[in-house]
Peer 1: 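This structure is in structure tokens; I'll ask about it shortly.
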Protein chains: 2
Amino acid sequence: MKKNIPTIKAIALQLNISVSTVSKALNNHPAIGEQTREKVRQLAAAMHYVPNQTAIHFKSGKTHTIGVILPQLTDHFFTKALSGAEHYALQHTYNVISGQSYNHLQREKELVGFMQRSRVDGLIIALTSETESRDHLLPLEAWGIPIVYLMRTPPIKECHYVTVDVFDGAHQAVRMLLNRGHRRIAHLNGPEMLLTSRERQAGYLHALQQHQLPADPDLICHTTLSPESTRACMAQLMALPDTPTAILGFKDLVVLEAMQYVKNNAAGRRGPVDFIGFGNHEFLQFLDTPPTASIEENPFLLGSKAMEVLIQLISGGEAQRYQQVRMPCKLVNYK
Amino acid sequence: MKKNIPTIKAIALQLNISVSTVSKALNNHPAIGEQTREKVRQLAAAMHYVPNQTAIHFKSGKTHTIGVILPQLTDHFFTKALSGAEHYALQHTYNVISGQSYNHLQREKELVGFMQRSRVDGLIIALTSETESRDHLLPLEAWGIPIVYLMRTPPIKECHYVTVDVFDGAHQAVRMLLNRGHRRIAHLNGPEMLLTSRERQAGYLHALQQHQLPADPDLICHTTLSPESTRACMAQLMALPDTPTAILGFKDLVVLEAMQYVKNNAAGRRGPVDFIGFGNHEFLQFLDTPPTASIEENPFLLGSKAMEVLIQLISGGEAQRYQQVRMPCKLVNYK
DNA sequence: TTGTAGGCGTTATCAA
DNA sequence: TTGATAACGCCTACAA
């Protein structure tokens with residue numbers, strides 16, 4: 001199967017006119033006669049001519065394309081963030097190319113390289129939980145390609161980012177649990193390395209503090225997000241002399257695993273009865289015994305906002321201050 | 001923020017050698033001295049030189065990139081199919097660019113246009129449920145860009161496709177329900193337009209037929225996959241004088257909506273007690289009352305296979321017969 | 001109103 | 001072993 005793709009030159013040849021005339025006709029250049037324009041357009045349509053974007057990118061030095069790198073799309077949070085980013089980009093005639101890092105730094109580096117080679121005009125990235133340095137991203141910045149971090153930001157202040165205000169989310173959740181009478185509230189948090197984990201924890205601690213409750217380090221544990229790790233955390237919590245009565249989880253999936261653990265392993269024994277996680281996953285509605293509440297994050301809007309910030313950075317001319325946006329989240333009650 | 005991206009020319013200028021020497025040095029061309037090669041490599045690394053892929057694509061006429069167009073990534077099935085396709089592509093040094101059609105023909109056409117302009121070497125596509133003709137795909141084929149349809153195939157024989165053997169999946173499911181004693185089995189199917197719906201139905205009918213059971217058209221309905229539409233179907237089924245005792249659903253989500261409907265609207269009344277859907281969604285494990293079974297499809301392998309077929313078509317030289325693959329599926333019991 | 005020429009970054013061919 | 005040159009498809013300033 002040999003490729004046979006029509007070019008401007010082929011059109012020019014057939015009509016016996018010059019290449020530049022064809023180019024102008026197709027681009028609605030004013031200095032082209034009505035007749036010629038029509039002739040060209042008709043032939044182009046008949047030949048199914050489609051401009052070669054690689055050539056245009058190459059020539060213009062602008063790809064009008066945004067790269068998006070996310071950990072994984074099996075996580076609804078990122079899927080929706082991607083959709084939001086795509087949506088905004090499309091409305092502003094930008095294209096999106098995306099890739100999944102599968103939470104591996106090595107793969108993230110490869111993807112960054114791919115984005116660089118593809119000469120994206122800007123990058124949105126949620127770092128892997130392995131990523132400690134952003135050395136592999138510095139060349140992009142040096143090139144003048146703006147980067148907006150989404151959710152998973154690097155541990156520095158000098159960057160553009162868009163995140164969810166998980167501090168407030170955790171704070172709201174713990175306040176609700178406190179109001180329901182709980183005094184032993186565990187925090188089944190995500191990987192310690194993630195900034196978003198640390199912010200959740202800060203919100204958790206702040207709520208306790210406001211209630212003049214001491215923080216018990218035994219009540220805080222970190223799951224790698226694997227089911228095994230989550231179960232290990234739960235085993236630890238349940239082994240405490242004074243078991244927690246409520247749990248704030250990193251996200252809904254973790255909470256469900258925790259609830260399952262309690263159901264399977266704590267029959268009869270005292271165990272947590274109230275659970276709250278992040279995400280407000282749509283599957284929760286199908287559960288006979290849903291968690292107490294869930295913290296809704298609106299990832300679609302998050303992605304859309306990230307793209308908005310990025311496109312503004314790209315088109316906004318001179319160096320701007322670091323854009324740092326925190327989107328609100330909302331506690332949704334299930335009981 | 002002005003872009004400042006190093007090129008081969010910049011390297012050549014600094015080292016006071018020619019552009020072509022630099023190019024060869026970077027590409028390990030044998031006819032380059034060890035010294036020169038080293039000098040070039042070091043400077044390139046120091047300048048964070050990254051080749052301009054748009055230029056290479058442009059020059060070579062090969063992008064080494066595969067386009068993937070899917071309805072939506074919020075559907076785990078397609079997310080996993082995408083991951084599988086990406087995985088295979090990466091191992092064979094192909095890149096993937098993907099887009100979501102959101103099940104809109106218009107958007108699908110735009111994406112096809114984007115893929116064409118991007119000069120992908122091949123395309124994997126799952127058509128929208130709106131897509132009746134493949135006119136917008138013909139130019140690609142005329143260009144010699146192979147297309148592999150994934151799951152959502154066009155209603156013709158002359159195409160390459162990779163699907164799941166849903167006929168057999170439905171057949172297995174209905175056989176199981178029959179074995180459990182059911183004689184009034186409803187088929188809560190997906191959009192009639194989708195080939196995959198028709199194949200499910202054929203499997204359903206075939207199983208009934210093997211059991212010498214007549215097919216009751218009242219027991220077959222088609223949801224658009226929206227919750228409202230699914231509820232409307234359920235209302236219809238529940239209004240029958242002889243209500244179904246079991247339901248085969250288009251996919252797990254539809255089944256859960258159906259189960260919820262029964263729970264909310266049939267308290268006390270006779271209603272279906274066994275449910276089977278397609279997908280074997282990972283959330284099913286968290287349900288107190290899961291469906292009876294689910295039909296596992298392995299979409300990751302499906303996407304991977306589609307990519308394998310496509311890359312073979314791309315590199316395989318001359319026109320080959322139509323590749324048509326049906327992946328097996330497996331009934332997973334929950335009760 | 002149309003055509004000519006140059007150039008974007010890279011590689012391949014051929015000459016030095 | 002290295003360098004000069006042309007070419008890929010398209011656009012644009014300038015010339016005709």
Side-chain angles (χ1 to χ4, degrees), chain A residues 2-41 43-44 47-65 113 116-121 143-145, chain B residues 2-41 43-44 47-65 116-121 143 145:
Chain A
K2 193 61 188 302
K3 281 197 209 169
N4 172 29
I5 307 184
T7 66
I8 267 188
K9 195 198 273 179
I11 299 177
L13 225 56
Q14 276 208 32
L15 292 178
N16 210 20
I17 58 180
S18 83
V19 173
S20 61
T21 305
V22 175
S23 170
K24 285 174 196 154
L26 290 174
N27 289 294
N28 271 324
H29 194 287
I32 292 292
E34 193 50 52
Q35 281 187 354
T36 319
R37 188 195 313 277
E38 248 337 285
K39 241 180 8 189
V40 171
R41 311 209 115 182
L43 182 58
M47 295 172 75
H48 296 292
Y49 168 78
V50 172
N52 184 336
Q53 204 68 41
T54 68
I56 295 173
H57 288 166
F58 166 54
K59 164 137 184 65
S60 66
K62 271 215 96 196
T63 59
H64 230 70
T65 298
Q116 270 182 289
R117 289 192 297 280
S118 302
R119 295 292 189 268
V120 293
D121 291 335
W143 287 3
I145 312 278
Chain B
K2 192 63 185 305
K3 282 196 211 170
N4 173 29
I5 306 183
T7 65
I8 267 188
K9 195 197 274 179
I11 299 177
L13 225 55
Q14 278 208 31
L15 293 178
N16 211 19
I17 57 179
S18 83
V19 175
S20 52
T21 305
V22 175
S23 170
K24 284 174 197 153
L26 290 174
N27 289 295
N28 271 323
H29 195 286
I32 291 293
E34 194 48 53
Q35 282 187 353
T36 320
R37 189 198 312 278
E38 250 334 287
K39 245 184 2 192
V40 170
R41 310 209 117 182
L43 182 57
M47 293 172 77
H48 297 293
Y49 168 78
V50 172
N52 185 336
Q53 204 68 43
T54 68
I56 295 172
H57 288 166
F58 165 55
K59 168 141 181 62
S60 68
K62 269 216 99 196
T63 58
H64 229 70
T65 298
Q116 272 182 287
R117 288 193 298 280
S118 303
R119 295 294 190 266
V120 293
D121 291 335
W143 287 3
I145 312 278

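Lettering of chains follows the sequences in order, A, B, ..., and the numbering in each one begins at 1.
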Peer 1: Less than 4.5 Å apart, side chain to side chain, heavy atoms only: is that true for B/Gln116 and B/Trp143?
Peer 2: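 A side-chain contact exists here, since the closest heavy-atom pair is under 4.5 Å.
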Peer 1: Mark yes or no for whether A/Thr7, through its side chain, and A/Lys9, through its backbone, hold a donor-acceptor pair below 3.5 Å.
Peer 2: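 It does hold such a pair.
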Peer 1: What is the first contacted nucleotide of DNA chain D and what is the last, in 5' to 3' order, if contact means an atom lying under 4.0 angstrom from a heavy atom of chain B?
Peer 2: D/dT1 to D/dG9
Peer 1: List the residues meeting salt bridge (Lys or Arg N to Asp or Glu O under 4.0 Å) with B/Lys62, not counting sequence neighbours, and say none if there are none.
Peer 2: B/Asp121
Peer 1: Throw together a table of side-chain donor-acceptor distances under 3.5 angstrom for residues 32-39 of chain A, partners on residues two or more places apart or in other chains.
Peer 2:
unit_1, atom_1, unit_2, atom_2, d
A/Arg37, NH1, A/Asn28, OD1, 3.4
A/Arg37, NH2, A/Ile32, O, 3.1

Peer 1: Name each donor-acceptor pair under 3.5 Å that joins a side chain in residues 11-20 of chain A to protein atoms two or more places apart or in another chain, with its distance.
Peer 2:
unit_1, atom_1, unit_2, atom_2, d
A/Ser18, OG, A/Ser20, N, 3.4
A/Ser18, OG, A/Ser20, OG, 3.1
A/Ser18, OG, A/Thr21, N, 3.2
A/Ser18, OG, A/Thr21, OG1, 2.9

Peer 1: Under the ring-ring contact (aromatic ring centres under 6.0 Å, His included) test, which residues partner A/His64, sequence neighbours left out?
Peer 2: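 If we apply the ring-ring contact (aromatic ring centres under 6.0 Å, His included) test to A/His64, skipping adjacent residues, the hits are A/Tyr94.
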Peer 1: Determine, for nucleotides 9-16 of chain C in 5'-to-3' order, which nucleotides have protein heavy atoms under 4.0 Å from the base (write B), from only the sugar-phosphate (write S), or from neither (write -).
Peer 2: BBBBB---
Peer 1: Can you check whether A/Thr21 has a side-chain N or O nearer than 4.0 Å to OP1 or OP2 of C/dT2?
Peer 2: no
Peer 1: Got a sec, which pairs hit salt bridge (Lys or Arg N to Asp or Glu O under 4.0 Å) with one end in residues 13-32 of chain A, sequence neighbours left out?
Peer 2: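 Found none.
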Peer 1: For the backbone of B/Thr54 and the side chain of A/Thr54, can you confirm whether one donor and one acceptor N or O come within less than 3.5 Å of each other?
Peer 2: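 Flag not set: sc A/Thr54 to bb B/Thr54 has no pair under 3.5 Å.
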Peer 1: Identify whether any heavy atom of B/Thr54 sits under 4.0 Å from a base atom; if not, whether one sits that close to sugar-phosphate; answer base, sugar-phosphate or nothing.
Peer 2: nothing
Peer 1: Residues in side-chain contact (heavy atoms from CB on, under 4.5 Å) with A/Gln53, at least two apart?
Peer 2: A/Ile56, A/His57, B/Arg117
Peer 1: Assign A/Gly61 to base, sugar-phosphate, or nothing according to its heavy-atom contacts below 4.0 angstrom with the strands shown.
Peer 2: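 Result for A/Gly61 = nothing.
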Peer 1: Could you tell me which residues satisfy ring-ring contact (aromatic ring centres under 6.0 Å, His included) with B/His48, sequence neighbours excluded, listed by chain and number?
Peer 2: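 Counting only residues at least two positions away or on another chain, B/His48 forms no ring-ring contact (aromatic ring centres under 6.0 Å, His included).
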Peer 1: Using a 4.0 Å heavy-atom cut-off across all strands, classify A/Ser60 as base, sugar-phosphate, or nothing.
Peer 2: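 No contact at all - A/Ser60 keeps every heavy atom at 4.0 Å or more from the nucleic acid.
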Peer 1: Can you give me the bend angle of the helix from C/dT1-D/dA16 to C/dA16-D/dT1? Use the axis through the first five pairs and the one through the last five, nearest 10 degrees.
Peer 2: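 Comparing the first five pairs with the last five, the axes sit 50° apart.
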